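Data first, discussion second: the structure below is written as structure tokens.
Values in this document were obtained by computation on a predicted structure and should not be read as measured data. For reference, positions follow the sequence shown, starting with 1.
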Amino acid sequence: MTAALQFSVNTLKSTNLRGMLDPFTTVRPLVILNDIHELFNICKSPAAESTETLTQMWAHNMRLLRDQRRFDELEPILASRTTAMQILFNHTSQKNVKSLVGTMLTKQLLQYAQMARKAGSLHTAGSCVAQLNACLQSLREPDAASVVRLRTKVEAVKSLWAQGDHRIATRALQEMLTMSNTSIPFALRASIEYKLGNWVGESRAKRAEVLLTEYYEPAVMHAATCNDSGLQAKAHYHLAKFADAQYQTLAVNDPCEHIREHIRYKLKEAAACDAIIKENKADKAIGERYRLQKRKIEMHIQEDQQEEQEYIRRREGLLLCSVENYLQSLQHGNAHPDVCVFRLCTLWFANLDLTAVNKVVASYVDTLPTWKFLTLMYQLSARLSSKPDAKEANFQTVLQRLIIKLAQDHPFHTLYQIIALKNGNVTSASSVTKAKTMEASSSDTALAAQDILNKLRSHHRLKPSVEGLDLLSNAYIQFAYKKISQQQMASRDFKLDPKSALFQIAQQGLDVPIASAIHPIMENCDYSGLPRIARISTRFACPGGINVPKVLDCRGTDGKIYRQLVKGNDDLRQDAVLSSVFNSMNGLLRKSVETRKRNLSIRTYKVVPLAPRAGLVEWVQDTLPIGAFLLQAHPRYYKKDWLAKECRTRLQEAGEHGHEFNRKLKVYKEIEAHFHPVFRHFFFEKFHDPVEWFETRLAYSRSVAASSIAGFIVGLGDRHAQNILIDQNTAEVVHIDLGIAFDQGKHLNMPEIVPFRLTRDIVDGMGITKTEGTFRRCCEETLKVLRSDAEVILTILEVFRYDPLYNWKVTPMEQRRRQGLLDDHEMHLMTDAGGGAGDNGGNKEAENALRVVRQKLSPDVSVECQVNELIHTAMDANNLSKMFPGWQPWL
């Protein structure tokens, strides 16, 4: 043991860990030796408590490693633990040691088998199950009393299912359930029942009603008898998911319209019979014949009506079952909380006129863990109305109760959304001060939001927060719309107006958390530790732009400086929604080992809309636009190349000659020949250490891959070089200005026909392998995860379908603004309009957008094929030549 330890230490000493991409395999022998050492120390003084402690510690460590490593990397650790315990178990003569080690061995082998099965290593899983059975046989435990023996049988059956032996696996689980209730613990029985329900449902071997009554409902009942909230959450989740799937199937195949059409046709036939009977009063035979015919028609009508009523009864029953069980799952634990919340809200919004659904949701409002609903706060609050019609009255009552509960528990994650809705008519600095006089003309949503704020003010604990955030929001809005004079722009001396509300806050501070900081969600609802506003700098900066955004520095009570970008005349609501979608995608990427080990994610930032066209954005520190670096780097490294301005002029002039695409392509290729990529020099300039240079370039390639695929899925457009930032410390990219999404870029005046930005300079930063190797592999891994969780993504986006404030299409004015074609008069009109989304295309546009996302995530072609097509399309010179010149496709 000492020699092995010394050898491992010497190996580590001779290895330069700093230059290794992954040092895990080098330090793994130490982990193995430490495990063996701990095991033998336990056996020197065996005790049940110490062995249980070691087993729990090993299981905990393995869970942590499992989140970061593949099974083949962890298998040597599992195998060494198993082998060491088998040696002890087979060679010890002490009965107490044999019993304790045998108990540890069974738990270790069970974990080993489960991990192998989930990793697809079915041969290893089968071997572990065989060893486990042999160990249990040696321990001579009675069959019925051994929970481990039962779990071993379940694991063996799961391996059969994974091998494709579905019929045998299903029959084996069914046979286990025929054992007496006392022989299988309720916790294990519940998990067997919902698993069996999933399997039988997948094979369609039984009717849906049978599956509910035989498997899912008993699983919920048995889980309720255990003191295990996690198991209850899983049982309710599986029941809700099954009922939801059946409900969706019925909704897609809705026969009601066909039945009603048939009834209308039969009514016409009955009326015709009446007419014939009336015309032939004298002829009793004809009258009797048509009266008989009419009775048959009425019977058919009655049958049709009964069929329709039965369909509606089944559909509403499944709807209520799924809604209630999603709520129960959320109440009991964290079994797929995001899916539960998104599907629950989708079903609720789609059936908001059903009293029964609103009644079920209302019964859980006071007991639900509200933090799980925070991801949908924008969508929930957007449906507020002060004057709902009769159909929505119950829905509004329940919705407002839920929003008030959310605001009471998590005020700093919810109040800004409510305040933004209250400011629905605020489209200029002057309209902030006139807000009270404008209430009569406010929208129903704005009035409802104001009513909720008034109710929250009545709570003694919340009143300071509500009033403080409202004051701060108004001050930010006034500042956002403040016009900058030509004299100030020339002198670059920007100071807050001493008469402004923000100046007063800047001097005195304000006891509310910093708006642009990302606040953690506290499940215990205690936000007393959040940093507050200590002061705000009275000087600000203007980085430039059409709408003259302003940069402020805010100092927190924690001593940190929080830089904020305050924007006016710009709708930030869609940026906030897309940031939420990307955060959800990041959650999916963190669950996959392959994407997690590569640290694949989409960098996001906080967006706080305060009014329809005003708000603030978290300033992403230590970043600069890729375009800013490229525009100053090209003349330095290629002095004889054309300037970017000349390239734009040439491409623009080529497009003005009757849209001759061949001419544009020819000009674009001339530009390529006279404008060489230089982005590789960013890494040479910023990262002088070879290891740091390599790691940051790798991080850049991975970041571009993840953000490109995520952007493609949601149809993110307007990706010109100024809308992509690069972190100067990590080289990760950050996409900003997310207002063009769901392929709206294809409908601009000059359509965007590339899936994402993959121009020559972007590729140049990836090194000698360009798009091959790291970039391509990371694209494939990202797309695999998003495809495998396609239903989750579609469920998330489905909720936005019911958001009345979301723009599903770009207005003609917005199209012109995006491509810099607005004149001063049009800009003035756009500002006065306030940018309200309204319906703007309604559900038809939403359905079309979701259909396109579904197509992108469909497995019609392989992941490799789809990624290859995307890369080719994004880099095709013919496509790039047709892009808007302001997009700068040559950069």
Any heavy-atom pair between the side chains of [Y] and [X] that's under 4.5 Å?
X	Y	result
Tyr700	Thr730	no
Gln722	Leu631	yes
Val667	Glu653	no
Cys542	Pro549	no
Trp619	Val551	yes
Ile484	Phe540	yes
Thr769	Thr774	no
Ile518	Glu618	yes

Test item: [X] side-chain N/O and [Y] main-chain N/O as donor-acceptor pair under 3.5 Å:
X	Y	value
Asn583	Ser579	yes
Ser592	Leu589	no
Ser580	Ala576	no
Glu781	Cys778	no
Arg719	Gly717	yes

Item to complete: Kindly assign one of parallel, tilted or perpendicular to the pair Phe682 and Phe679, based on the angle between their ring planes and the thresholds 30° and 60°.
Response: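 Aromatic pair Phe682/Phe679 classed parallel.
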
Practice prompt. Determine the interplanar angle of the Tyr637 and His681 rings, folded into 0 to 90°, and report it as parallel if under 30°, tilted if 30 to 60°, perpendicular if over 60°.
Written response: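 Tyr637 and His681: parallel rings.
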
Taking 4.0 angstrom as the limit, do [X] and [Y] come out as a salt bridge?
X	Y	value
Glu780	Lys784	no
Asp737	Lys567	no
Arg851	Glu847	no
Asp553	Arg563	yes

Once rounded to the nearest 0.5 Å, what's the spacing between atom [atom1] of [X] and atom [atom2] of [Y]?
X	Y	atom1	atom2	result
Ser473	Ile419	OG	CD1	4.0 Å
Arg650	Phe675	CZ	CZ	13.0 Å
Tyr668	Cys647	OH	SG	10.0 Å
Phe756	Ile762	CZ	CD1	11.5 Å
Thr623	Gln621	OG1	CD	8.0 Å
Ile724	His735	CD1	NE2	4.5 Å

Applying the side-chain contact (heavy atoms from CB on, under 4.5 Å) criterion to [X], which one of [options] satisfies it?
X	options	result
Leu880	Leu651, Val754, Ile753, Leu758	Val754
Arg603	Ile736, Asp727, Asn586, Leu725	Asp727
Leu891	Arg760, His720, His634	His634

Practice prompt. With sequence neighbours excluded, tell me which residues meet salt bridge (charged side-chain N to carboxylate O under 4.0 Å, His left out) with Glu772.
Written response: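 Scan of Glu772 (salt bridge (charged side-chain N to carboxylate O under 4.0 Å, His left out), adjacent residues dropped) gives Arg776.
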
Discussion item. Suppose we screen for salt bridge (charged side-chain N to carboxylate O under 4.0 Å, His left out). Which residues come up paired with Asp641, at least two apart in sequence or across chains?
Written reply: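 Listed in chain order: nothing, the list is empty.
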
Examine the side chains of [X] and [Y] and answer whether a donor and an acceptor come within less than 3.5 Å of each other.
X	Y	value
Thr759	Asp761	no
Gln564	Ser516	yes
His676	Asp764	no

Could you tell me if [X] sits above the aromatic ring of [Y], with its cationic atom closer than 6.0 Å to the ring centre and no more than 45 degrees from the axis?
X	Y	result
Arg648	Trp887	no
Arg697	Phe687	no
Lys550	Phe479	yes

Side chain to side chain contact (heavy atoms under 4.5 Å, CB included) partners of [X], counting only residues at least two apart:
X	answer
Gln632	Phe629, Arg636
Ser703	Glu732, Val733
Ala706	Leu600, Thr782

Quick check: closest heavy atoms across [X] and [Y], and the distance to 0.1 Å?
X	Y	value
Ala382	Leu421	N-CD1, 4.1 Å
Met766	Phe775	CE-CD1, 3.4 Å
Ala611	Val426	CB-O, 3.8 Å
Pro612	Gly424	CG-O, 3.2 Å
Gly711	Phe582	N-CE2, 4.5 Å
Glu752	Lys746	O-CG, 3.5 Å

List the atom pairs, donor and acceptor, that lie under 3.5 Å between side-chain atoms in residues 789-797 and the rest of the protein, sequence neighbours left out.
| unit_1 | atom_1 | unit_2 | atom_2 | d |
| --- | --- | --- | --- | --- |
| Thr795 | OG1 | Glu791 | O | 2.6 |

Discussion item. As a quick check of understanding, evaluate side chain to side chain contact (heavy atoms under 4.5 Å, CB included) for Phe683 and Thr696, giving each step before the final call.
Written reply: CA-CA 8 Å; Phe683 297 91; Thr696 50; 4.0 Å; yes

Practice prompt. Determine, stepwise, if the pair Thr375 / Phe342 fulfils side chain to side chain contact (heavy atoms under 4.5 Å, CB included).
Written response: CA-CA 9 Å; Thr375 53; Phe342 282 109; 4.2 Å; yes

Item to complete: Check step by step if salt bridge (Lys or Arg N to Asp or Glu O under 4.0 Å) holds for Asp743 and Lys856.
Response: CA-CA 12 Å; Asp743 291 322; Lys856 291 176 180 179; 3.0 Å; yes

